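A short worksheet on the structure shown next.
Predicted, not measured: the structure shown is a model, and the values here were computed from it. Atom set for the values below is all heavy atoms of this structure, side chains included, hydrogens, waters and symmetry mates excluded.
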Amino acid sequence: MNHLSFYWLPENKQQLIQGLKSEFAQLVESSISNGQISLPPIPDVVIKIQTMSRSESTTIIDIATCLTDDPSLAAVVIRIANSVVFNRRNITCTDLVTAVSRLGINRVRDIVTAQAIEQLKHSVNLSAQCNKMLTHSAHIARELGATMVLVTQLFKRIEPEYYSYLEQEKALLVGLLADIGLFCLVNEYHLYLEKGHYLDSEIALQIFHSNCPTTSKLVLKHWGFDNDFLEVACNQQLVDHCQEVSYLDVARIAHHLLMFRKQDDALDEHDVEINATGAEVLYHLSNLDDKEFRSQLKAVINASGF
């Protein structure tokens, strides 16, 4: 039998990590199933809109009225409704009802959730290490969302009729919310440390990395997001798609491009299944020089209104 002091020996390290992974997974899943998601607090209006969006009786006026309780979020919704990415007809709106009508109830839910999470990643008062992790996550999420927009735009440009179902605004939001489960895991980690426990940061990172996809899927499913959001969050096809290219395919192409740009060592092991159009999209974006690629990403983020 191993004495407790030998539990950190190499042959037992994986056993410990697996035990901690299971513990964190159970804590987070329990919080979600009980309706007490272990996220740092987000605005009440966001929770209300998430709940309202699941009811068929909810109207555009109901959502607009709810937004008036949070002037800052209301301003964000109007600004994003007028942004280049979301304002296809280039018609400016100045009131909430028009903004919500233009975006749709579910899209407003997506936007206010993404905005709240984006703000939290830069403003939560956890440990310095947790804050740094979430700030880095915000940067990665913006990169993924913006790259998904570039991929979507190119699919539609090459074959506009065939890929008309792909929406650049949805691609952006899917990317921004893909790692939302990280909040649950980081928050549980912070609470774990506050209770006087110790967990090595490198082991914590391993737990976050392996559990984030499943946790993100659970959170998004609990809040009523559709399968496109869930699939990208867990990087797994959950339903059969009638379209040839799904948002999961778009996300995988975008991720491959970002790995290529960063010269990630894992790129050789990262396979992505694409059709002929997808190969053309990947070829075109891979051959942009780095300055132009970064410029296009920045333009998408600036045009999104976030």
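- A donor-acceptor pair under 3.5 Å links the side-chain atoms of Asp249 to the main chain of Ser246, judged by distance alone.
- The closest donor-acceptor contact from the side chain of Asn275 to the backbone of Gly278 lies under 3.5 Å.
- Using a 4.0 Å cut-off between a side-chain N of Lys or Arg and a carboxylate O of Asp or Glu, Lys48 and Asp70 do not qualify as a salt bridge.
- For the residue pair Leu182 and Ser216, the shortest heavy atom distance occurs at N-OG, 4.3 Å.
- Contact check for Glu231 versus Val239: side-chain heavy atoms found under the 4.5 Å cut-off.
- With contacts defined as side-chain heavy-atom distances shorter than 4.5 Å, the pair Arg102/Ile91 qualifies.
- For the pair Cys66 and Met52, the minimum side-chain heavy-atom distance is below 4.5 Å.
- Leu103 is not connected to Val84 by any chain of hydrophobic side-chain contacts under 4.5 Å among Ile, Leu, Val, Met, Phe, Trp and Tyr, and they are in different clusters.
- The CG atom of Leu297 lies 11.0 Å from the CG atom of Asn302; values are rounded to the nearest 0.5 Å.
- Contact detail for Leu154 and His284: the closest heavy-atom pair is CD2-CD2, 3.4 Å.
- No salt bridge links Lys156 with Glu167; every basic N to acidic carboxylate O contact stays at or beyond 4.0 Å.
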Point to revise | Audit row: Ser286, Leu257, side-chain contact (heavy atoms from CB on, under 4.5 Å) steps and yes/no | key: CA-CA 7 Å; Ser286 297; Leu257 280 165; 3.4 Å; yes
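- With rounding to the nearest 0.5 angstrom, the OG1 atom of Thr214 is 11.0 Å from the CG atom of Asn235.
- Applying the side chain to side chain donor-acceptor pair (under 3.5 Å) test to every pair with at least one member in residues 59-68, sequence neighbours left out, gives these pairs: Thr59-Asp62.
- Residues Ile47 and Leu220 fall within the same hydrophobic cluster, defined by Ile, Leu, Val, Met, Phe, Trp and Tyr side chains chained together at heavy-atom separations under 4.5 Å.
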Exercise for review: Go through the steps to decide whether Phe229 and Lys170 satisfy the test side-chain contact (heavy atoms from CB on, under 4.5 Å), and finish with yes or no.
Suggested key: CA-CA 9 Å; Phe229 285 87; Lys170 183 172 183 178; 3.9 Å; yes
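- Taken to the nearest 0.5 Å, the CG atom of Asp110 stands 12.0 Å off from the CD1 atom of Ile105.
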Exercise for review: Determine, step by step, whether His139 and Arg142 satisfy the side-chain contact (heavy atoms from CB on, under 4.5 Å) criterion, reporting the C-alpha distance in whole Å, the side-chain angles of both residues, the deciding distance to 0.1 Å, and the verdict.
Suggested key: CA-CA 5 Å; His139 172 71; Arg142 283 198 302 273; 4.2 Å; yes
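- Side-chain contact between Val108 and Leu67 is present, with at least one heavy-atom pair separated by less than 4.5 Å.
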Exercise for review: Would you sort out whether Asn106 and Phe225 count as a side-chain contact (heavy atoms from CB on, under 4.5 Å), showing the intermediate values?
Suggested key: CA-CA 8 Å; Asn106 284 343; Phe225 285 78; over 6 Å; no
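- Between Leu150 and Phe293 the shortest side-chain heavy-atom distance falls below 4.5 Å.
- Under the 4.5 Å side-chain contact rule for hydrophobic residues, Ile253 and Tyr162 share a cluster.
- Salt bridge annotation for Glu273-Arg252: absent, with no cationic side-chain nitrogen under 4.0 angstrom from a carboxylate oxygen.
- The local environment of OH in Tyr165 is crowded, with over 12 non-hydrogen atoms from other residues, nucleotides or ligands closer than 6.0 Å.
- No side-chain heavy atom of Val112 sits less than 4.5 Å from a side-chain heavy atom of Gln115.
- Considering CG of Leu177 and CG of Leu230, their distance stands at 11.0 Å, rounded to 0.5 Å.
- Looking at Val232, Leu248, Asp226 one by one, the single match for side chain to side chain contact (heavy atoms under 4.5 Å, CB included) with Val174 turns out to be Val232.
- For Phe86, the ring pair (Phe, Tyr, Trp, His ring centres under 6.0 Å) criterion is met by no residue, not counting sequence neighbours.
- Summarising the geometry, atom CG belonging to Leu285 is positioned 10.5 Å from atom CD belonging to Glu280; distances are rounded to the nearest 0.5 Å.
- Across every non-hydrogen atom of Asp179 and Ala141, the tightest pair is OD1-CB, 4.3 Å.
- Ile111 is listed as a side-chain neighbour of Leu173, based on a closest heavy-atom distance under 4.5 Å.
- Between Glu143 and Ile140 the shortest side-chain heavy-atom distance falls below 4.5 Å.
- Counting only distance, with no hydrogens or angles, the side chain of Thr152 and the backbone of Met148 share a donor-acceptor pair below 3.5 Å.
- Residue Ile301 is not grouped with residue Val77 when hydrophobic side chains (ILVMFWY) are merged at heavy-atom distances under 4.5 angstrom, including chains of intermediate members.
- Other residues, nucleotides and ligands contribute more than 12 heavy atoms inside 6.0 Å of the CG atom of Asp95.
- Counting all heavy atoms, side chain and backbone alike, Ala64 lies closest to Leu96 at O-CD1, 3.6 Å.
- Other residues, nucleotides and ligands place no more than 12 heavy atoms under 6.0 Å from the CD1 atom of Ile61.
- For the residue pair Gly181 and Thr215, the shortest heavy atom distance occurs at O-CG2, 3.6 Å.
- In terms of the salt bridge (Lys or Arg N to Asp or Glu O under 4.0 Å) criterion, residue partners of Asp290 (sequence neighbours excluded) are, by chain and number, Arg261.
- Here the closest heavy-atom approach between residue Ser83 and residue Ser304 is recorded as OG-O, 3.1 Å.
- Put simply, CD on Glu244 and OH on Tyr163 are 4.5 Å apart, with the number rounded to the nearest 0.5 Å.
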